[in-house]
Amino acid sequence: MTAPAAVLSSRRERLAAAPIYLVATFPLPDIGETLGRVAAAAAALQADAGAVAVQLRLKEAATEARRALLARARSELPSGTLLLVNDDLEAVFGPTGELLADGVHLGREDAAALSPRGVDATARTAAGLATARARLGRELLLGTSTRTLAELRTVLAAGADHAGFGAIAASVTKQDTRPAHLVELVRCLEEFPRVPIFPLGGLTPENLGRVAAAGARRAAVGAGILGARDPAAAARACLRALRAAG
């Protein structure tokens, strides 16, 4: 059985222990309703798996709005929930430097935007991740998105400590993503067995068996849980699907 979040000493240990990484997209202005669904799913996951991570996605919003969402989520989600913010390094910290999140997920373009001037275009994502790692220090979490083993090697060398891999299937929230090949996922899992790699993109309880059969024991799930009539039940169904191949 997974150790309770209170027993796990570091954020990285807690993330590694989380089989489901909830990706919560917040449509304005329905933040309260969405947060309630996230809380229900997170509580089910924590009770069953012992650890849960949640990425908060608030697109087309200013840093202050993301900070406010993080503060609200911290007070309403189960104690011990790992909170990461999407694509906004500065939202991890409050105006006076106080810590609001446990880390950040930076997509390729947002990571590249952090790279120093003069860096070649082919190296901007890695340079931006290195910049983010320097800002976060060693303890906070830094994730990004990958599609291949070569990309995974690059982002880990640049300072990422976990990665989303995909898209596995058509995504409701990111319709412009390119599909990834499961053979690449297998290669990533084999070369980096200790790195939390979360297949993502269009995953549901019905198709999670595909990534479980490829060897994945973790997944990032958004609408497949949060868009369900009963998010807690959908979360538990995702856990069962991942564990069925174990």
Side-chain angles (χ1 to χ4, degrees), residues 3-18 20-43 45-46 50-107 109-116 127-145 155 158-164 196 198 220 222 226:
V7 175
L8 300 170
S9 60
S10 74
R11 291 181 176 89
R12 293 188 185 188
E13 285 180 324
R14 289 158 61 195
L15 183 67
I20 299 292
Y21 182 2
L22 275 176
V23 180
T25 301
F26 286 80
L28 294 171
D30 298 325
I31 285 178
E33 179 182 351
T34 301
L35 193 56
R37 299 178 71 79
V38 175
L45 291 169
Q46 190 176 82
V52 60
V54 177
Q55 180 190 138
L56 303 182
R57 301 178 75 247
L58 188 60
K59 293 298 188 181
E60 309 302 327
T63 292
E64 283 308 311
R66 296 190 181 100
R67 287 171 171 164
L69 176 58
L70 284 164
R72 182 172 175 180
R74 185 68 77 190
S75 67
E76 296 187 26
L77 297 187
S79 177
T81 299
L82 284 170
L83 279 182
L84 293 93
V85 63
N86 177 261
D87 289 343
D88 191 340
L89 178 62
E90 292 310 310
V92 174
F93 307 95
T96 59
E98 69 272 26
L99 191 62
L100 299 179
D102 296 292
V104 64
H105 176 93
L106 294 174
E109 292 181 1
D110 290 277
L114 295 174
S115 66
L129 289 171
T131 297
R133 173 50 69 200
R135 176 83 167 90
L136 294 169
R138 297 184 62 183
E139 297 302 319
L140 297 180
L141 299 170
L142 175 59
T144 189
S145 302
V155 301
D161 50 67
H162 67 281
F198 296 91
L226 300 177

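Bear in mind the structure is a predicted one, so any value in this text is a computation, not a measurement. This chain uses plain numbering: 1 for the first residue, then up along the sequence.
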Nearest-0.5 Å distance, [atom1] of residue [X] to [atom2] of residue [Y]:
X: D88; Y: L56; atom1: CG; atom2: CG; value: 11.5 Å
X: L35; Y: F26; atom1: CG; atom2: CZ; value: 5.0 Å
X: L84; Y: Q55; atom1: CG; atom2: CD; value: 7.0 Å
X: L89; Y: T131; atom1: CG; atom2: OG1; value: 9.0 Å
X: R57; Y: R66; atom1: CZ; atom2: CZ; value: 10.0 Å
X: L142; Y: H162; atom1: CG; atom2: NE2; value: 7.5 Å

So which atom in [X] and which in [Y] form the shortest heavy-atom distance, rounded to 0.1 Å?
X: L136; Y: V92; value: CD2-CG1, 4.2 Å
X: A53; Y: L15; value: CB-CD1, 3.8 Å
X: D87; Y: G107; value: OD1-N, 2.8 Å
X: V23; Y: A220; value: CG2-CB, 4.0 Å
X: E76; Y: A39; value: O-CB, 4.0 Å
X: L22; Y: A42; value: CD1-N, 4.0 Å

Student check: side-chain heavy atoms of L140 and R11 closer than 4.5 Å
yes

Kindly indicate whether the side chain of F93, heavy atoms from C-beta on, has any atom under 4.5 Å from the side chain of L100.
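Heavy-atom side-chain distance check fails, nothing below 4.5 Å.
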
Counting N and O atoms only, with roles assigned by atom type, does the side chain of T144 sit under 3.5 Å from a partner on the main chain of L106, one being a donor and the other an acceptor?
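Checked: pair present.
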
Determine whether a donor-acceptor pair (N or O, by modelled atom type, separation under 3.5 Å) exists between the side chain of S75 and the backbone of R72.
yes

Given the rule in the side-chain contact (heavy atoms from CB on, under 4.5 Å) test, do T25 and K59 qualify, once you have shown the distances and angles that lead to the verdict?
CA-CA 8 Å; T25 301; K59 293 298 188 181; 5.5 Å; no

Salt bridge (charged side-chain N to carboxylate O under 4.0 Å, His left out) with D110: which residues, sequence neighbours excluded?
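Residues passing salt bridge (charged side-chain N to carboxylate O under 4.0 Å, His left out) with D110: none at all.
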
E64: salt bridge (charged side-chain N to carboxylate O under 4.0 Å, His left out) partners, not counting sequence neighbours
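Only R67 meet the salt bridge (charged side-chain N to carboxylate O under 4.0 Å, His left out) criterion with E64.
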
Stepwise salt bridge (Lys or Arg N to Asp or Glu O under 4.0 Å) check, D161 with R138:
CA-CA 10 Å; D161 50 67; R138 297 184 62 183; over 6 Å; no

Please say whether more than 12 non-hydrogen atoms of neighbouring residues, nucleotides or ligands are located less than 6.0 Å from CD in E90.
yes

Apply side-chain contact (heavy atoms from CB on, under 4.5 Å) to the pair H105 and S145, showing each step before the final yes or no.
CA-CA 8 Å; H105 176 93; S145 302; 3.1 Å; yes

